[in-house]
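Quick note: numbers below take in every heavy atom, side chains included, and nothing from hydrogens, waters or symmetry partners. The structure displayed is predicted, hence computed values, not measured ones.
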Amino acid sequence: TSSGIFSTLATYAKTAAPYIGAIGSIFGGVVQKQMFDNKANIVNFQAGQDAQAYDLRKARRQRESRLAYEKQKALFGLTGTDLTGSPTDVLAQTQANYAEDQFYDLFNTSQGIYSKELSASALRAEGQASMLSGITSAATTFALRGTLPTKKTSLLGTNDIPRNIGETF
């Protein structure tokens, strides 16, 4: 009869439910870990971009510094100024200004990169925690629901659960 089939299907569903729930929990944890790892990879990429941009700014500043130095030297030479005393101080101050800009840029860039590395590390740890949470949830599912359906049996050892009665699907 059809109600007997539904009873059998219900028994199988009760048996499968903990497994389905556990697999879903583990899969959810794995997916979350992958999402956090992808976010961490993006943050690492951004940190790499920051480092490359710093290198380009540094190279540009070095070119500008050399150009300014040579330009000042040439102007002093054209005017016939002796490069001792005050003109040398001007050249040194120009170089010091470029060096100071370089230091500030290096400091700010390195702090930004370090912050991004910490963020990436935290995202990876959060991914690990999500995966562990999924595994723990799966274990809890088995612990609370069991892996086999419970049967109520009478003292005679026969199944007390009535079959084919009141089942309407």
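What you find for P18 and T141 is that their closest heavy atoms are O-CG2, 3.6 Å. Of all heavy-atom pairs spanning A40 and A120, the tightest one is CB-O, 3.5 Å. Among all heavy-atom pairs drawn from S25 and A138, the shortest one is CB-N, 3.9 Å.
Listed for the S110 side chain is a donor-acceptor partner under 3.5 Å among the backbone atoms of F107. At distances below 3.5 Å, at least one donor-acceptor pair connects side-chain atoms of S130 with backbone N or O atoms of E126. The main-chain N or O of T136 is found under 3.5 Å from a side-chain atom of T140 such that the two form a donor-acceptor pair.
Criterion: ILVMFWY side-chain heavy atoms under 4.5 Å apart, direct or through other members. Under it, V43 and F36 are part of a common hydrophobic cluster. The hydrophobic clustering, which links ILVMFWY residues whose side-chain heavy atoms are closer than 4.5 Å, places F27 and M35 together. Hydrophobic clustering (side-chain heavy atoms under 4.5 Å, transitive across Ile, Leu, Val, Met, Phe, Trp, Tyr) keeps Y54 apart from I113.
One side chain, N97 or Q93, offers a donor N or O that lies under 3.5 Å from an acceptor on the other. For the residue pair Q102/Y98, the side-chain donor-acceptor check at 3.5 Å is not satisfied.
Sorted by first and then second residue, the side chain to side chain donor-acceptor pair (under 3.5 Å) pairs involving residues 33-43 (not counting sequence neighbours) are K33-D37, K33-Q128, N41-R124.
A salt bridge (Lys or Arg N to Asp or Glu O under 4.0 Å) with D105 holds for exactly one of R57, K58, R60; it is R57.
Salt-bridge annotation for R66 and E70: absent, with no side-chain N of the basic residue lying under 4.0 Å from a carboxylate O of the acidic one. Remark: D50 engages K116 in a salt bridge, criterion side-chain N to carboxylate O under 4.0 Å.
Residue L132 holds its CG atom at 11.0 Å from CD1 of I26, rounded to the nearest 0.5 Å. Taken to the nearest 0.5 Å, the CD1 atom of I42 stands 13.0 Å off from the OG atom of S119.
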* Asked: Run the side chain to side chain contact (heavy atoms under 4.5 Å, CB included) check on Y69 and T94 step by step: do they pass?
  -> CA-CA 7 Å; Y69 180 80; T94 300; 5.8 Å; no

